[in-house]
S.K.: 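Take this structure, written in C-alpha cells, and hold onto it; I'll ask about it next.
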Amino acid sequence: MQTILTGIRCNDELTIGNYVGAILPLIEMSKKYSKEYSLALFVPDLHSFTTPVDHKLLYTNSMSNLRLFVAAGLPIGENNIEVYRQSRISAHSELCVILNNFSSYGVLTRMTEFKDKAERKDIDFVSAGLFDYPVLMAADIVLYGAKYVPVGDDQRQHLEFARDLAQRFNNKFGEIFTVPADIREQAKFASQDESIRIMSLTNPEKKMSKSVKDLNGTILLKDDPKVAAKKIMGATTDSVGVINFDKKNQPGITNLLVLLALLEGKSQEEINKEFVGQTSYGELKKRVAGAVEQILSKLQQAYEQVDVDELEKKLLHSEEKMRGIANETLLKVQKAVGLRE
Ligand code: TYM
C-alpha cells in the first residue's frame, strides 16, 4: 500500500488556508482512497518552535489541532488512517541528524521560508532549528515511504528538497527511500490544477498566515463565524470594477474566487463561469462570506462533539504502529551508512 501523509504545525491557531490547503485535501483523499492507500495526518510538534512560541500553550494547541482534524471529518475509526505526534516517535529526530550530513548547507540557506522568516523584524533570534527545518520535514516524509504529500503552495520547495534528498541518498546507498511524487504529479493526484495558496485578505500579495500581527487578513478556524464573514466583506480588492481571474492584476478578487471554489467543492472553471465578467464585488464577497460562516459554524459544532477519549486511544495506537514502520526505515539507513552491521 502506498502512503499519503501530511503534517500541520501546532504553534498557533489554524487558518482557513491550512484547512483548504492541507486538511481538506487529505480528508477528501481519505474518503476516496481509503481502500488503496494508507493515510497519515500528524502534528509536527518538533517543528513548532523553530520560531518563538508560548511553550505553556504548545501541548494544549497540539491536542486542539488534532481534535479539529477529527471535527473536519478525518475518519479516525478506519484502520489505515493514522494520527500521531512527531515527537512521540524518536526516529524522526534520529533520521534528521543523519540526513543533515547529506543536506547541502548552500541549498538550505536559499530556502524561501528560511530567508523570509530570518529577515522578519519581529523574529530577533534565528535558530539552527529554523535553518534545519526542511531536513526534519524530509525525515517525516521518507520514514514512512510517503508517495503523496498534500501541502499548500508554500511548502512546495520543502517537498522538492525532500525529493532531492531521497534521490541523492538512494543514488549513494541503493533503493532505501521511496521518492515522493513530483509537484505536478502531486497536484494531479489531488485533482488540483496547481497547488493552493490562499492569500491574506488585507494584503493579497502575501500568503494568509497565522503568524501575523494584523489578523483582519486571516480567517482562523476558531473565529466567530460572523466575525469571519465580516473579514471577507472587508477584504481588499481593486478598482478595476469587473471580476477577472487574474492573480497578477486582481489578486484580492482572484483570491476570493479560489477560496469560493474550494469551500463549495466546485471546480475553478465552474465558479469563474458564474462570476467572471460580473461587476458586483459585493455579490462575490457575500457568497464567500456565507460559505465561510457555514463551514466555521459546522466545524466548531463538530469540534465540541469530538470524543476526546477515542482520539487519545487512537493516538496511542497510531503512534505505536508508526513507530514500528519508522524504526524499520531508520534501521535500513543505519545499516546503509555504517552505524549498524
Ligand atoms: P504549516 O503548519 O505551516 O501549514 C500546514 C499546511 O497548511 C498549508 N497552508 C496553506 N495552504 C494554502 N494557503 C495558505 N495560506 C496556507 N497556509 C498554510 C501548508 O502549505 C501546509 O500544507 N512544514 C510544514 C509542516 C510539516 C510537514 C511535514 C508537511 C512538517 N513536516 C511533512 C508535510 C509533510 C508546515 O510548516 O506547514
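Whatever order the structure lists them in is the order used to number ligands and atoms, beginning at 1. As the structure is a computational prediction, the values presented were derived from the model and not from experiment.
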S.K.: Find all atoms of ligand 1 within a distance of less than 4.0 Å from any non-hydrogen atom belonging to Y133, and give their numbers and elements.
M.R.: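 Answer for ligand 1: 23 (N), 24 (C), 35 (C), 36 (O).
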S.K.: Under the 3.5 angstrom rule, does the side chain of T15 hit a backbone N or O of S209 as a donor-acceptor pair?
M.R.: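 No, the answer is negative, given that no donor and acceptor are paired below the 3.5 Å cut-off.
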S.K.: Short N/O distance, under 3.5 Å, between R197 and ligand 1?
M.R.: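 No, R197 has no N/O under 3.5 Å of an N/O on ligand 1.
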S.K.: Would you kindly specify which portion of H47 sits under 4.0 Å from ligand 1, judged on non-hydrogen atoms: side chain, backbone, both or neither?
M.R.: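 Just the side chain.
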S.K.: With atoms numbered from 1 as shown, which atoms in ligand 1 lie under 4.0 angstrom from a non-hydrogen atom of P44?
M.R.: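 Counting atoms of ligand 1 from 1, those under 4.0 Å from P44 are 25 (C), 26 (C), 30 (C).
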S.K.: How close does the nearest protein non-hydrogen atom get to atom 12 (C) of ligand 1, and which residue and atom is it?
M.R.: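 Ranking protein heavy atoms by distance from atom 12 (C) of ligand 1, first comes I196 O, 3.3 Å.
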S.K.: Do any N or O atoms from the side chain of D223 and from the backbone of A228 form a donor-acceptor pair under 3.5 angstrom?
M.R.: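 No, because the side chain of D223 does not come within donor-acceptor range (under 3.5 Å) of the backbone of A228.
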S.K.: When you measure from the side chain of Q300 to the backbone N and O of L221, does any donor-acceptor pair fall under 3.5 Å?
M.R.: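 At least one qualifying donor-acceptor pair exists.
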S.K.: Indicate, as side chain, backbone, both or neither, the part of I141 found under 4.0 angstrom from ligand 1 when only non-hydrogen atoms are considered.
M.R.: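 For I141, the contact with ligand 1 is made by the side chain alone.
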S.K.: Is it the side chain, the backbone, both or neither of V149 that has a heavy atom closer than 4.0 Å to ligand 1?
M.R.: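 For V149, only side-chain atoms sit under 4.0 Å from ligand 1.
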S.K.: Could you label the plane-to-plane angle of the F173 and F169 rings as parallel, tilted or perpendicular, counting under 30° as parallel and over 60° as perpendicular?
M.R.: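 Rings of F173 and F169: tilted, as their planes differ by 30° to 60°.
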S.K.: For ligand 1, which atoms sit closer than 4.0 Å to a heavy atom of F42?
M.R.: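 Taking each heavy atom of F42 in turn, ligand 1 has 28 (C), 31 (N), 32 (C) under 4.0 Å.
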S.K.: Provide, to 0.1 Å, the distance between atom 10 (C) of ligand 1 and the closest protein heavy atom, together with that atom's residue and name.
M.R.: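 The answer is G17 O, 3.4 Å.
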S.K.: Quick one: nearest non-hydrogen protein atom to atom 33 (C) of ligand 1, plus distance?
M.R.: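 For this ligand atom, the closest protein heavy atom is G7 N, 3.4 Å.
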S.K.: Do the side chain of K314 and the main chain of G77 share a donor and acceptor less than 3.5 angstrom apart?
M.R.: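 A pair under 3.5 Å: no.
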S.K.: For the residue pair M111 and H158, what are the closest heavy atoms and their distance?
M.R.: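 Taking every non-hydrogen atom into account, SD-CD2, 3.7 Å.
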S.K.: Please report which non-hydrogen protein atom sits nearest to atom 15 (N) of ligand 1, along with the residue it belongs to and the distance in Å to one decimal place.
M.R.: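 Minimum-distance protein heavy atom for atom 15 (N) of ligand 1 reads I198 O, 2.8 Å.
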S.K.: I need the nearest protein heavy-atom contact for atom 19 (C) of ligand 1: residue, atom name and distance, please.
M.R.: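 In this structure, atom 19 (C) of ligand 1 has D154 OD1, 3.3 Å as its nearest protein heavy atom.
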S.K.: At a non-hydrogen distance cut-off of under 4.0 Å, which region of K210 contacts ligand 1 (side chain, backbone, both, or neither)?
M.R.: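 The answer is the side chain.
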S.K.: With A326, which residues qualify under side-chain contact (heavy atoms from CB on, under 4.5 Å), at least two apart?
M.R.: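 With neighbours one apart ignored, the set is I89, A91, L143, Y144.
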S.K.: Of the choices R156, R9, H92, which has the non-hydrogen atom that lies closest to atom 1 (P) of ligand 1?
M.R.: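 Considering heavy atoms of R156, R9, H92, the nearest to atom 1 (P) of ligand 1 sits in R9.
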S.K.: What about L5: any of its N or O atoms under 3.5 Å from an N or O on ligand 1?
M.R.: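 Among all N and O atoms of L5, none is under 3.5 Å from an N or O of ligand 1.
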S.K.: Please could you name the atoms of ligand 1 that G21 approaches to less than 4.0 Å, counting only its heavy atoms?
M.R.: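 Close to G21: 11 (N), 12 (C).
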S.K.: Report the part of N18 in contact with ligand 1, treating N, CA, C, O as backbone and CB onward as side chain, heavy atoms under 4.0 Å; options are side chain, backbone, both, neither.
M.R.: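 Answer for N18: both.
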S.K.: Relative to ligand 1, is Y19 under 4.0 angstrom through side chain, backbone, both or neither, heavy atoms considered?
M.R.: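 The answer is neither; Y19 stays 4.0 Å or more away.
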S.K.: N/O to N/O below 3.5 Å, does that happen between D140 and ligand 1?
M.R.: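 Looking only at distances, the answer is yes, because the N/O contact criterion of under 3.5 Å is met.
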S.K.: Is it the case that more than 12 heavy atoms not belonging to E328 sit under 6.0 Å from its CD atom?
M.R.: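 Open: at most 12 neighbouring heavy atoms sit under 6.0 Å from CD of E328.
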S.K.: Kindly say whether V149 contributes a backbone atom to a donor-acceptor pair with the side chain of Q186 at under 3.5 angstrom?
M.R.: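 Yes; at least one donor-acceptor contact below 3.5 Å.
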S.K.: Taking the side chain from R67 and the backbone from Y303, do they hold a donor-acceptor pair closer than 3.5 Å?
M.R.: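 At least one qualifying donor-acceptor pair exists.
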S.K.: Under 3.5 Å, side chain of D132 to main-chain N/O of G129, donor-acceptor pair present?
M.R.: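 Pair absent, no side-chain N/O of D132 close to backbone of G129.
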S.K.: Can you classify the ring geometry of Y37 versus F189 as parallel (below 30°), tilted (30 to 60°) or perpendicular (above 60°)?
M.R.: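 It falls in the perpendicular class, over 60°.
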S.K.: Examine E113 against ligand 1 and note whether any of their N/O atoms are separated by less than 3.5 Å.
M.R.: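 N/O-N/O distance below 3.5 Å does not exist for this pair.
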S.K.: Does any N or O of ligand 1 fall below 3.5 Å from an N or O anywhere on Q155, backbone included?
M.R.: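 Yes - when backbone and side-chain N and O of Q155 are compared with those of ligand 1, one distance drops under 3.5 Å.
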S.K.: Applying side-chain contact (heavy atoms from CB on, under 4.5 Å), name anything that partners A289, two or more places apart in sequence or on another chain.
M.R.: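 A289 satisfies side-chain contact (heavy atoms from CB on, under 4.5 Å) with A229, I232, M233 only.
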S.K.: Counting heavy atoms only, name the option from G152, S200, A22 that's nearest to atom 6 (C) of ligand 1.
M.R.: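 Going through G152, S200, A22 one by one, A22 has the nearest heavy atom to atom 6 (C) of ligand 1.
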S.K.: Verify, without hydrogens or angle tests, whether T218 (side chain) and L215 (backbone) share a donor-acceptor contact under 3.5 angstrom.
M.R.: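 Pair absent, no side-chain N/O of T218 close to backbone of L215.
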S.K.: Say whether M199, considering both its backbone and side-chain N or O atoms, lies within less than 3.5 Å of an N or O atom on ligand 1.
M.R.: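 Not met; the criterion fails.
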